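Counting convention: from 1, in listed order, for ligands and their atoms alike. Worth knowing before you read on, the calculation uses all heavy atoms, side chains too, and leaves out hydrogens, waters and symmetry mates. When a residue number appears, it is its place in the shown sequence, counting from 1. Given the structure is predicted, the values throughout are model-derived calculations rather than measurements.
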Amino acid sequence: MTTLTLVQGDITDQSVDAIVNAANSSLLGGSGVDGAIHRRGGPAILAECRALRASRYGGGLPTGQAVATTAGDLDARWVIHTVGPVYSPTEDRSALLASCYRRSLQVADELGARTVAFPALSTGVYRWPMEDAARIAVTAVRETRTSVEEVRFVLFDARAHAAFAAVTG
Ligand code: APR
């Protein structure tokens with residue numbers, strides 16, 4: 001039985017087994033969650049990302065996929081990097097966004113992670129409307145069979161928190 005919890009705060013402050021990063025396909029860092037994780041997690045994370053780019057993911061991590069690295073100096077054992085879709089008003093990319101949550105939970109299961117913190121994927125730089133992203137996120141997590149015991153959505157501000165609270169009920 002997976003418990004969904006909502007927290008308003010900074011995902012890099014969370015003490016969990018795995019922290020999910022809102023990455024881009026390069027895996028070489030960025031702003032937002034990506035910037036915060038690399039800044040607080042330190043160079044060990046980027047070193048492993050570079051190694052992944054030099055091996056399994058030569059062409060980059062595809063949208064909707066997930067891969068784990070060390071969590072470096074963060075209070076977690078792993079960072080699970082996933083690449084959300086950029087919002088499109090004309091093309092329905094919902095399945096790709098749902099895939100980020102499903103694949104991240106599958107990677108968490110492979111690792112044996114029992115507590116996983118997610119940000120509101122794609123709702124920043126990738127411009128996905130918060131309410132719709134929250135619906136997709138909660139639905140995807142609820143529909144995924146996993147051994148993860150706690151899925152913690154870490155929302156950066158009150159608006160995001162309210163959007164997720166409206167969906168989780
Ligand atoms: N903790 C929790 N949530 C955060 C944090 C943080 N430290 N920083 C930002 N957020 C929130 C944002 O407010 C937004 O709601 O996370 C959500 C996702 O925003 P982004 O980090 O911009 O991620 P995304 O929209 O998926 O865009 C990914 O941005 O940083 C680049 O390299 C990244 O190219 C990739 C793109």
Dump all N/O pairs between ligand 1 and the protein below 3.5 Å as a table: atom names plus distance, one pair per row.
unit_1: ligand 1; atom_1: 1 (N); unit_2: I11; atom_2: N; d: 2.9
unit_1: ligand 1; atom_1: 7 (N); unit_2: D10; atom_2: OD1; d: 3.0
unit_1: ligand 1; atom_1: 15 (O); unit_2: T123; atom_2: OG1; d: 2.7
unit_1: ligand 1; atom_1: 19 (O); unit_2: G124; atom_2: N; d: 3.4
unit_1: ligand 1; atom_1: 21 (O); unit_2: V33; atom_2: N; d: 2.8
unit_1: ligand 1; atom_1: 22 (O); unit_2: V125; atom_2: N; d: 2.9
unit_1: ligand 1; atom_1: 25 (O); unit_2: T123; atom_2: N; d: 3.4
unit_1: ligand 1; atom_1: 25 (O); unit_2: G124; atom_2: N; d: 2.7
unit_1: ligand 1; atom_1: 25 (O); unit_2: V125; atom_2: N; d: 3.1
unit_1: ligand 1; atom_1: 25 (O); unit_2: Y126; atom_2: N; d: 3.1
unit_1: ligand 1; atom_1: 26 (O); unit_2: S122; atom_2: N; d: 2.9
unit_1: ligand 1; atom_1: 30 (O); unit_2: S31; atom_2: N; d: 2.9
unit_1: ligand 1; atom_1: 30 (O); unit_2: S31; atom_2: O; d: 2.8
unit_1: ligand 1; atom_1: 30 (O); unit_2: S31; atom_2: OG; d: 3.2
unit_1: ligand 1; atom_1: 32 (O); unit_2: N24; atom_2: ND2; d: 2.8
unit_1: ligand 1; atom_1: 32 (O); unit_2: D34; atom_2: OD2; d: 2.8
unit_1: ligand 1; atom_1: 34 (O); unit_2: N24; atom_2: ND2; d: 3.3
unit_1: ligand 1; atom_1: 34 (O); unit_2: Y126; atom_2: OH; d: 3.1

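- Defined by atom type and a distance below 3.5 Å, a donor-acceptor pair is missing between the side-chain atoms of T146 and T144.
- Screening T12, I45, V33, L28 for a side-chain contact (heavy atoms from CB on, under 4.5 Å) with H38, the sole residue that qualifies is I45.
- Partner of E150 under the side chain to side chain donor-acceptor pair (under 3.5 Å) criterion, out of T5, T115, T3: T5 alone.
- Ion pair D109/R145 not flagged as a salt bridge, since none of the NZ, NE, NH1 or NH2 atoms sits closer than 4.0 Å to an Asp/Glu carboxylate oxygen.
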Review point. Could you walk me through whether F153 and F164 pass the ring pair (Phe, Tyr, Trp, His ring centres under 6.0 Å) check?
Key: CA-CA 8 Å; F153 290 108; F164 274 73; 5.0 Å; yes
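- Through direct or relayed side-chain contacts under 4.5 Å between Ile, Leu, Val, Met, Phe, Trp and Tyr, L61 connects to L27, L52, Y57, V67, V83.
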